[in-house]
Student: 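Handing you this structure, nothing more for now.
For reference, positions follow the sequence shown, starting with 1. In listed order, ligands and their atoms are each counted from 1.
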Amino acid sequence: MISDNINILYNITYGNPERVYSAIFYNILSDLINMVPFIFTVIIVLTIFDSFDGSGNPLNKTKIWIISICLFLYMAIMYYFQIVSYNHNYFEAYQISSIGRMELAQHILRLPIGTIYSEDSGEMVNILMNEFTILETSITHWIPQFCASLIVVIITFIGLLFIDWRLDLITFSPFCLSLILIVISTNIENSMTEKLLSTKKEINSCFQEYLEGIHCIKAFNLIGTRFNRLEKAFRKNVKDSLKVEICTGPLVAFSSIIIKCGTILNIVIGVYFLDAKIIPVSTFIIFLIISNKSFERLAIFIHDIITSKYCAVAGKHIQKLLDLPIMEGTTNITYDTEKDIIFKNVYFKYSDNNNNNNNSDNNNSNSKEDFNNYHLKNINIEMKQGKLTALVGPSGSGKSTILKLISKFYNADNGEITYAGVNISKIDPEFYMKNISVVFQDVYLFQDTIADNIKFGNDDATEEEIIAAANKACIHDFIMSLPKGYDTMVGEGGCTLSGGEKQRISIARAILKDSPVVLLDEATSSLDPENEVEVQKAISELIAGRTVIVISHHLRTIKEADNIIVLNEGEVVEQGTHEQLMNNNGLYKHLWIIQERNNGWSMK
Ligand SMILES: Nc1ncnc2c1ncn2[C@@H]1O[C@H](COP(=O)(O)OP(=O)(O)OP(=O)(O)O)[C@@H](O)[C@H]1O
């Protein structure tokens with residue numbers, strides 16, 4: 001039970017229990033001080049009894065006055081401690097929660113893309129938002145309250161033992177029975193809590209999908225179908241929540257009532273003891289007042305045990321996400337002067353274990369047959385510094401996968417990829433990515449100003465540098481035509497701009513980053529001819545003097561490349577210049593002829 005609770009505390013604070021120690025301390029202090037009026041009450045009652053018990057003693061009014069003044073002073077002290085404990089609770093909770101959220105967001109950023117894809121994004125949002133909120137509540141209310149109740153009850157129990165151990169044991173005996181009921185109830189609840197939280201996760205996923213896919217849902221008139229899924233998830237949530245309440249509610253209520261039976265036992269046995277002259281009246285009164293107060297704490301304690309399980313599950317989910325291995329590497333790197341990118345016997349397969357760290361050490365550990373279903377097989381290529389390398393091939397041949405490996409989104413399963421002579425799996429991802437700019441086909445712009453979206457490539461850039469980059473990317477005039485110019489807000493996902501405009505902003509971003517390597521993933525493929533010309537101009541500015549690796553389905557755009565690598569079914573089938581490949585009569589020439597024919601051009 002104790003190790004269980006330590007685990008719960010560990011989970012709730014996601015591995016940092018020390019962060020709530022001060023909140024717990026102040027709560028215990030505040031609760032102990034809370035007991036003072038009851039002790040004063042006991043003293044007053046005993047003083048009154050002293051003069052009205054027929055002994056003829058006069059009422060000690062001075063004592064009552066002193067106690068009353070002490071009570072006034074006590075109020076001030078109590079107020080101070082309550083404020084301090086309140087501040088600690090909330091300060092700690094919001095601190096822990098915001099530090100935790102940031103730690104988790106940073107952790108997610110350092111996870112391999114493969115791990116992120118294999119995790120449910122709805123679950124991640126649920127953890128970051130809902131489960132952190134559960135923990136906030138648990139840190140502000142549950143943990144300090146639970147610990148304070150426990151300590152107060154233990155101190156009361158021990159204190160009363162010294163007054164009369166028999167009456168003490170009898171008074172607190174129902175608590176043992178109630179504890180057994182609570183253990184049963186928490187065990188029932190354990191499995192249900194997991195189920196309930198997974199239903200909440202399902203709601204999140206459905207809702208996220210519903211909002212993100214709203215265009216598609218409307219276009220294909222799927223409103224009813226998709227809404228039904230959402231509605232079903234909501235109904236399941238209601239059902240599961242009720243199930244938890246129905247199964248555990250009566251047990252919890254029953255155990256609270258059993259605890260209160262302690263008062264009845266206290267009265268019945270106390271009166272019997274009084275009658276038998278086993279205890280004096282003062283002992284009976286002390287038990288009545290003090291034990292009643294501790295039953296209130298016990299009821300809270302019982303309720304908190306139930307809540308703890310719910311919080312612990314949320315904490316476990318957060319911990320599980322934090323335990324996912326991140327991509328690591330060193331920044332202590334000495335690059336060669338020749339900054340080529342070289343693939344040596346690289347094999348790669350998309351799978352759940354793409355989150356392996358530095359897994360290029362296990363070279364050639366698999367048998368040849370195992371490699372048949374790999375998405376990249378035995379890739380041996382060189383992308384020379386300052387040269388333009390093009391990747392071409394049919395759809396699904398592995399072009400984008402090569403760019404993803406160069407970007408360290410994944411590590412190779414076998415073989416090695418080197419940049420300037422260093423195995424990239426050994427380099428710290430952030431440090432390495434300073435060398436790489438990527439322009440994707442689908443540009444993502446953040447809900448921020450245009451200037452900040454461009455500045456994303458270099459946080460320290462000045463206004464002049466931003467404008468210079470936008471000029472080179474052929475987007476400056478367009479930005480200046482907007483009412484707020486560079487301060488214009490871009491809608492979420494950049495939806496207020498056209499594809500070509502977004503693409504040029506992303507190119508300005510890459511120009512500002514000024515990295516030696518540029519990766520272009522079909523940057524112009526979704527654009528109309530007019531926009532394509534503009535974007536091509538911007539790309540020419542971006543790639544000048546850099547190592548460029550480009551994927552393009554339009555072969556005429558890469559005709560002048562220094563090296564064209566042709567892929568098919570995850571393998572390099574040929575490479576060379578356009579002329580060499582045309583003379584080869586291989587796949588490249590085949591693809592070229594098809595494109596020429598489709599464009600309505602004639603072969604010379
Ligand atoms: N995240 C992923 N998980 C599993 N398989 C994937 C993933 N991404 C790509 N693949 C598979 O890997 C293979 C190579 O895909 P890749 O995207 O590299 O091809 P491509 O040549 O860039 O294709 P296209 O020209 O159509 O973009 C394909 O069979 C594809 O289905």
Student: How far is atom 4 (C) of ligand 1 from the closest protein heavy atom, and which atom is that?
Tutor: Tyr350 CB, 3.2 Å
Student: List the closest protein heavy-atom neighbour of atom 11 (C) of ligand 1: residue, atom name, distance to the nearest 0.1 Å.
Tutor: His375 CD2, 3.7 Å
Student: Among all protein heavy atoms, pick out the one at the shortest distance from atom 18 (O) of ligand 1; state its residue, atom name and that distance to 0.1 Å.
Tutor: Thr401 OG1, 2.4 Å
Student: With salt bridge (Lys or Arg N to Asp or Glu O under 4.0 Å) as the criterion, how do Lys434 and Glu430 come out once you've worked through the C-alpha distance, each side chain's angles and the decisive distance to 0.1 Å?
Tutor: CA-CA 7 Å; Lys434 288 189 180 133; Glu430 246 173 81; over 6 Å; no
Student: Which protein heavy atom lies closest to atom 26 (O) of ligand 1, and at what distance to 0.1 Å?
Tutor: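 Looking only at protein heavy atoms, the one closest to atom 26 (O) of ligand 1 is Ser395 OG, 2.6 Å.
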Student: Any idea how Tyr335 and Tyr419 line up, ring-wise: parallel (<30°), tilted (30 to 60°), or perpendicular (>60°)?
Tutor: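 Plane angle over 60°, so perpendicular.
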Student: Taking non-hydrogen atoms only, is Lys399 closer than 4.0 angstrom to ligand 1 via side chain, backbone, both or neither?
Tutor: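 Both the backbone and the side chain of Lys399 come within reach of ligand 1.
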Student: Is Gly398 near ligand 1, meaning one of its heavy atoms is under 4.0 Å from it?
Tutor: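 So Gly398 counts as touching ligand 1.
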Student: Do the non-hydrogen side-chain atoms of Asn345 and Asn414 ever get within less than 4.5 Å of each other?
Tutor: no
Student: Give the residue, atom name and distance (to 0.1 Å) of the protein heavy atom nearest atom 27 (O) of ligand 1.
Tutor: Glu522 OE2, 3.7 Å
Student: Is any side-chain heavy atom of Leu321 closer than 4.5 Å to one of His107?
Tutor: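 Sidechains of Leu321 and His107: no contact.
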Student: Can you check side-chain contact (heavy atoms from CB on, under 4.5 Å) on Asn380 and Val572, steps first, answer last?
Tutor: CA-CA 8 Å; Asn380 288 287; Val572 176; over 6 Å; no
Student: For atom 14 (C) of ligand 1, what's the nearest protein heavy-atom neighbour? Residue, atom name and distance, please.
Tutor: Gly396 O, 3.5 Å
Student: Could you tell me whether atom 31 (O) of ligand 1 has at least one protein heavy atom nearer than 4.0 Å?
Tutor: no
Student: Using side-chain heavy atoms (C-beta onward) and a distance below 4.5 Å, is His590 in contact with Leu587?
Tutor: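 Answer yes - side chains close enough.
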Student: Counting only heavy atoms not in Lys513, do more than 12 sit closer than 6.0 Å to its NZ atom?
Tutor: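 Atom NZ in Lys513 is crowded, with more than 12 foreign heavy atoms closer than 6.0 Å.
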Student: Only heavy atoms of His553, strictly under 4.0 Å: list the atoms of ligand 1 that pass.
Tutor: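 Those atoms are 25 (O).
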Student: Hey, looking at atom 22 (O) of ligand 1, which of Ser552, Gly570, Ser400 has the closest heavy atom?
Tutor: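 Nearest heavy atom to atom 22 (O) of ligand 1 lies in Ser400.
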Student: Trp592 vs Tyr588 aromatic rings, parallel, tilted or perpendicular, using cut-offs 30° and 60°?
Tutor: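 If you compare the ring of Trp592 with that of Tyr588, the planes turn out parallel.
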